[in-house]
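Just below is one structure, and these are the notes that go with it.
Each chain gets a letter, A, B and so on, in the order its sequence line appears, and its residues count up from 1.
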Amino acid sequence: MKKIICIDCETDGLDVNTCNLAGVAISIEKNQGWYVPLEKKNKVGSDAISFLKDLLGNPQLIVVGHNLKFDLQVLKNHGIQVNGEIHDTMVMDYVLSPQRKKHGLKLLSKIHLNYDQLSFDKMMGNHGSIWEVPIKTLTKYACEDTDQTLQIFHHLNPRIQESGVGNIYDLDRKLVAVLARMESNGVAIDQKLLKSIAKKLQDDSLVLEESIIGDLIPEINLNSTKDINWLLFEHYAIPPIGKKTKQGNYSVSKKVLSKLSADHLIVKELLELRATKKVLSTFIPALSNLNPLTNKLHCSINQTVTETGRLSCSKPNLQNIPSRTIGKMLRQCFVPSSKDHVLIGADYSNIELRVMAVLSQDKNLLNAYKNGIDVHRLTACKLLGIKNIEDVDDMQRDVAKSLNFGLIYGMGAHGLAETLSNVTKKQHTPQQAQEIIDSYFANYTDVAKCKENLIYQATVKGYTETLFGRKRPIPDINSNDSIKRQMSKRLAMNTPIQGTAADIMRMAMVNIDQQLTKQKLKSKMILTVHDELLFDVPKHEITIMEELVRHEMENAAQIGIALEVDLKTGNNWAEVH
DNA sequence: TATACCGCGTT
DNA sequence: GACGTACGCGGTATAG
């Protein structure tokens, strides 16, 4: 029987890479806790540190905590390694209730144990820093945290087994340390290149601004939808199209302005200016503030946010760095950590469509993937009555592709018509789109059956689940509100697909991390963007890493058909994507 | 200052 | 009346 130990780090900040460890609370049994204070900032080598090193280094322990991704990094930064089996109450609550918007300890304590915990702010009182708080106060607070965490652990553990999410939890708890390592690794950003890109975009935006506003009305704010309404629809008297927003203005979204841009240069320039300003205000600052200690960017990779099982990324969000639009040049700034390193980027090819093939067991789709047939071209053949796959042109393939993806998202006739119009540059009516949808399901009958079955299952059970048993409640599936009901039906279909792909990615990440450690490789996993992984690799490990990453990703799960990975090696993210 | 909404980047 | 999943985040407008 392994010993269960619950820990919680108290720090003088929330940024793992700059904060100092003030102390660690430890609980082993209910209503019993210790607080190990560090007398001074960064007193590495002190008695407390060596005590913690010895204690937490024991691989035979079960180490329980709340949001251990944070604690693991702080401890590591102070030279303390945790080697036991990790359990995390935040992750536990997430796999049981992914729809809950927050999984904070104090909240869970209230929900699961009906206990009102002392808040951090109250504990701090008027003290400016944690180092000024009396040890007695700190001890009470910290030990309450571990005590509650331990009780929540014992409370949720049986529920996870009863709910059938034991396997998913087992996967997720292993991911905690992996994400901690990834965040800690960080991403190197070429600041010199970033600055030169910023300079160029700044110049561009000034030129555009001058052209749009000129010396006419210098006080106009081109960020304001209100001002743009005035500028376009009153001052330039462009006939407005589209509908008004709740605030009483006409929509001036990209969608609307794109339609006007063909006839009005000013609108075209406005769109260009907007795109440029978006990069300048959102992405450039996000990449500019490197951690002074590591000289890298350390984002948060969030494990307990999405309702589908995907990971999310924040502070900054590196999952929405442009890859197609004007800002895609920023990806050149994502570089290896040193001259002797390269980046490896690895993408799952068509993973969501493959998952759909597996979930539906559709013979046409399965057969296509087994024989290496391009599924988008296959769809084009079936829908457009083309006999040979070689005769499908690129436009037809694009149409089919948007259909394949639209289906995954549960797109309706209206949305598909919109998408088709954008792809083909010709107007499509919702009626035409509906015919195409009908034709799609007539050709992929098993997909249609699968969709109906997923909706039925959700209706009966109140939740939908992935191939590996990650569950997501769909409370509104039987709602009287038809909008809510329609949305729920889309979720019932989309979540198993998106979520299964996410499960596979999580498995791949755990397995790759395990191999990196086992083989004592210097390569680091540094980023994940849903179906893509990014690695920082010493040049002498390129060959072994290419093989390892491909193997672990392609074999992360056996789902009945092959998973395929596109892999590239290069000197920046733009090159390897 | 906090919240809501718009708009937009990724998958 | 809306119509495509899942997010994070910058900006403006509005309420308090």
Expressed in whole Å, how much space separates the P atoms belonging to B:dC6 and C:dC3?
11 Å

Using the P atom on both, measure B:dT3 against C:dG4 and round to a whole Å.
30 Å

Using the ring of each side chain (for Trp, its six-membered ring), is A:Tyr444 parallel, tilted or perpendicular to A:Tyr440, with breaks at 30° and 60°?
tilted

Can you classify the ring geometry of A:His103 versus A:Tyr94 as parallel (below 30°), tilted (30 to 60°) or perpendicular (above 60°)?
perpendicular

Pair A:Arg470 + A:Glu307: basic N to acidic O under 4.0 Å
no

Residues A:Asp398, A:Lys401: salt bridge by 4.0 Å N-O rule
no

Just how far is it from atom SG of A:Cys19 to atom CZ of A:Phe70, taken to the nearest 0.5 Å?
4.5 Å

Where protein sits on nucleotides 7-16 of chain C, one letter per nucleotide: B base, S sugar-phosphate only, - none, heavy atoms under 4.0 Å
SBSSSSS---

Which residues share a side chain to side chain contact (heavy atoms under 4.5 Å, CB included) with A:Val176, sequence neighbours left out
A:Leu68, A:Lys69, A:Leu72, A:Ile86, A:Asp88, A:Val91, A:Gln303

Contacts to DNA chain C from residues 433-446 of chain A, heavy-atom cutoff under 4.0 Å, which residues?
none

Nearest to the side chain of [X], which nucleotide is it out of [options]?
X: A:Tyr409; options: C:dG4, B:dT11, C:dT5; answer: C:dG4
X: A:Thr325; options: C:dA2, B:dT10, C:dG4; answer: B:dT10
X: A:Asp531; options: C:dT5, C:dG1, B:dT11; answer: B:dT11

What about A:Ser323, does its side chain sit under 3.5 Å from the base of B:dG9 through a donor-acceptor pair?
no

Check whether the side chain of A:Gln319 and the base of B:dT11 form a donor-acceptor pair under 3.5 Å.
no

Closer than 4.0 Å, any side-chain N/O of [X] to the OP1 or OP2 of [N]?
X: A:Arg490; N: C:dT5; value: yes
X: A:Lys328; N: B:dT10; value: no
X: A:Arg274; N: B:dC8; value: yes

Using the side chain to side chain contact (heavy atoms under 4.5 Å, CB included) rule, take A:Arg100 and A:Leu107 through it: C-alpha gap first, then chi angles, then the decisive distance, then the call.
CA-CA 11 Å; A:Arg100 213 197 306 283; A:Leu107 177 69; 4.1 Å; yes

With stacking defined as ring centroids separated by under 5.5 Å and planes differing by under 30°, is A:His414 stacked against C:dC3?
yes

Scanning both residues in full, the closest heavy-atom pair of A:Pro316 with A:Cys299 reads O-CB, 3.3 Å

